[in-house]
There are 2 protein chains.
Amino acid sequence: MFTLSEENYLKAIYHLESDSKKGISTNAIAKSLETKASSVTDMIKKLSEKEVVLYKKYQGVTLTEFGKKTAANIVRKHRLWEVFLVEKLNFSWDEVHDVAEQLEHIKSPKLINELDALLGFPTHDPHGDPIPDKEGNVNTVDKILLSTLNKEESGVCVGVNDSSSEFLRFLDKKKITLGKKITVLEKEDFDDSLSIEIDGEKLSISKKIANNLYLKK
Amino acid sequence: MFTLSEENYLKAIYHLESDSKKGISTNAIAKSLETKASSVTDMIKKLSEKEVVLYKKYQGVTLTEFGKKTAANIVRKHRLWEVFLVEKLNFSWDEVHDVAEQLEHIKSPKLINELDALLGFPTHDPHGDPIPDKEGNVNTVDKILLSTLNKEESGVCVGVNDSSSEFLRFLDKKKITLGKKITVLEKEDFDDSLSIEIDGEKLSISKKIANNLYLKK
DNA sequence: AATAATTTTTAGACTAGTCTAAAAATAATG
DNA sequence: CATTATTTTTAGACTAGTCTAAAAATTATT
């Protein structure tokens, strides 16, 4: 069994690994958890003894298979709870993160299995992120950033890169939600902004926004 | 804000107060939390500084109004989650306690308000215990133990005194559930057992059982 | 009311998790 | 490739929460 703190480290390493593939540096973990490198070193030793990470001094860490499964299970719980909050408790997608962050640590296999069933076995959370299955397998789809689309190409909005509440509320205001079709009308060279069509209407989108919206072609 | 440990102490004192009315002794708290008296003394000092309990050395503690409200809110959360587990996630009444014990510490007012609404603003948990309202008020009904009924008196089952899973599963086996009418047919003097009628059938009930079943006349 | 039994508190130690500051190792640069 | 800059680890300290063992206060019992 893992402590709350251990679970948070596992999750952080899991997310960092999915980006970089390489061994994860102490500093990267410290930054992601807003803690100090020395604390990370200490915890890594503990996790290494529990055989969820491989660790050699100064070489960073990688999750073991067991560690990956454990971390995926925490992510699974987090995302299922997010779906629950949105679908059953009228939360909006920018309100779910902090609560899910707490709920993900509740220990009860039955609870999660039943929640999964209550929600109809969802495959993605409210931000479009995939929900790992019981074995920790993740269904990765080939989504691309809106910013990589060329003029006159289009796609369906399937996820966000930044899930800060500021960004999510911005999308709400602009009526950009998952499932909507977006077509690039124009790409402006001087500021990399985009002119897009959504819901039959024309909209101007900054580079920052386009870099944080995932589409599926 | 209160730590997990502080919340558990508050809850324990709250439950002990509802039984005894007097100042709660260090030992009583220690027993109820399965910890040592010295740990209790330490924690009591902390709680006293946070103004949730009144404490004088060697005199035991009592909850302040603020402490009572805080504790009632934790109990409210615990019982609402129990209803959720039974009503929405197919838990049986003997399976809910440990999970609710974890869920009660989740911090999010919106979560609890919405959960309350989802469940249709229930007034009692699956064991018949009343759910405190948002202000911490509890609707106490005058329930009595089955063992206090006289011959030929009857009542409706409204709660349990012992909510151990052993006892609850025993009741399940005997088809004794909340809402059922029970009539005392006979009281045996030599072992204090009861002969009762339930669902039109005759059943023999030991003293121990009768001491743990609440009825409303 | 004096002594014994019990309860409660204190003192000091331990663990988990964190931190700062300094030392050691690795990586980058001229 | 030697020196500098950065990263990582170690050493030691701190807090929250717990424990054991001993001291102090209260309660019970002759």
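When reading the values below, keep in mind they use all heavy atoms of this one structure, side chains included, and skip hydrogens, waters and symmetry mates. In what follows, every chain begins at residue 1, and chains take the letters A, B, ... in the order their sequences are listed. What you see is a predicted model; the values in this text were computed from it and never measured.
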> For B:Ile29 and D:dT18, what is the distance between atoms CD1 and C1' respectively, to the nearest whole Å?
Replying inline: 16 Å

> Under 4.0 angstrom, heavy atoms only, what part of the nucleic acid is B:Thr26 near: base, sugar-phosphate, or nothing?
Replying inline: sugar-phosphate

> Rounding to a whole Å, what distance do you find between A:Lys36:NZ and D:dA13:C1'?
Replying inline: 16 Å

>> D:dT9, OP1 or OP2 - any side-chain N/O from A:Thr41 closer than 4.0 Å?
In response: yes

> For B:Ser5, which contact category applies under a 4.0 Å heavy-atom criterion: base, sugar-phosphate, or nothing?
Replying inline: sugar-phosphate

> Any side-chain N or O of B:Thr35 under 4.0 Å from OP1/OP2 of D:dC19?
Replying inline: yes

>> In this structure, how many angstroms lie between the P atom of D:dT18 and the CG atom of B:Leu33, rounded?
In response: 9 Å

> How many Å lie between OH on A:Tyr58 and C1' on D:dT6, as a whole number?
Replying inline: 12 Å

>> So, OP1 or OP2 of C:dT7: does either fall under 4.0 Å of a side-chain N or O from B:Lys57?
In response: no

>> A:Ile182 and side chain to side chain contact (heavy atoms under 4.5 Å, CB included): which single residue from A:Leu194, A:Ile196, A:Val156, A:Ile205 fits?
In response: A:Ile196

>> Can you tell me if B:Tyr55 touches the phosphate of C:dT9, counting only side-chain N or O atoms and a distance under 4.0 Å to OP1 or OP2?
In response: yes

> A:Asn8 has an atom CG; how far is it from atom P of C:dT18, in whole Å?
Replying inline: 9 Å

> Atom CG of A:Asp42 and atom P of C:dT20: how far apart are they, to the nearest Å?
Replying inline: 13 Å

> Closer than 4.0 Å, any side-chain N/O of A:Asn27 to the OP1 or OP2 of D:dT6?
Replying inline: no

>> Just to verify, which of A:Arg79, A:Lys110, A:Lys134, A:Arg76 counts as forming a salt bridge (charged side-chain N to carboxylate O under 4.0 Å, His left out) with A:Asp116?
In response: A:Arg76

> Between A:Met43 (CE) and C:dC19 (P), how many Å, whole number?
Replying inline: 11 Å

> Would you say a side-chain N or O of A:Lys45 is under 4.0 Å from OP1 or OP2 of D:dT9?
Replying inline: no

> Can you say whether the rings of A:His78 and A:His97 are parallel (under 30°), tilted (30 to 60°) or perpendicular (over 60°)?
Replying inline: tilted

>> Please report the distance, rounded to the nearest Å, between CD in B:Glu6 and C1' in D:dA16.
In response: 9 Å

> Does the A:Lys88 side chain pair with the main chain of A:Val86, one donor and one acceptor, at a distance under 3.5 Å?
Replying inline: no

>> Taking 4.0 Å as the cut-off, does a side-chain nitrogen or oxygen of B:Tyr9 come that near to OP1 or OP2 on D:dT18?
In response: yes

> Taking 4.0 angstrom as the limit, do A:Lys50 and A:Glu6 come out as a salt bridge?
Replying inline: yes

>> What's B:Ser38 touching, base or sugar-phosphate or nothing? Going by heavy atoms closer than 4.0 Å.
In response: base

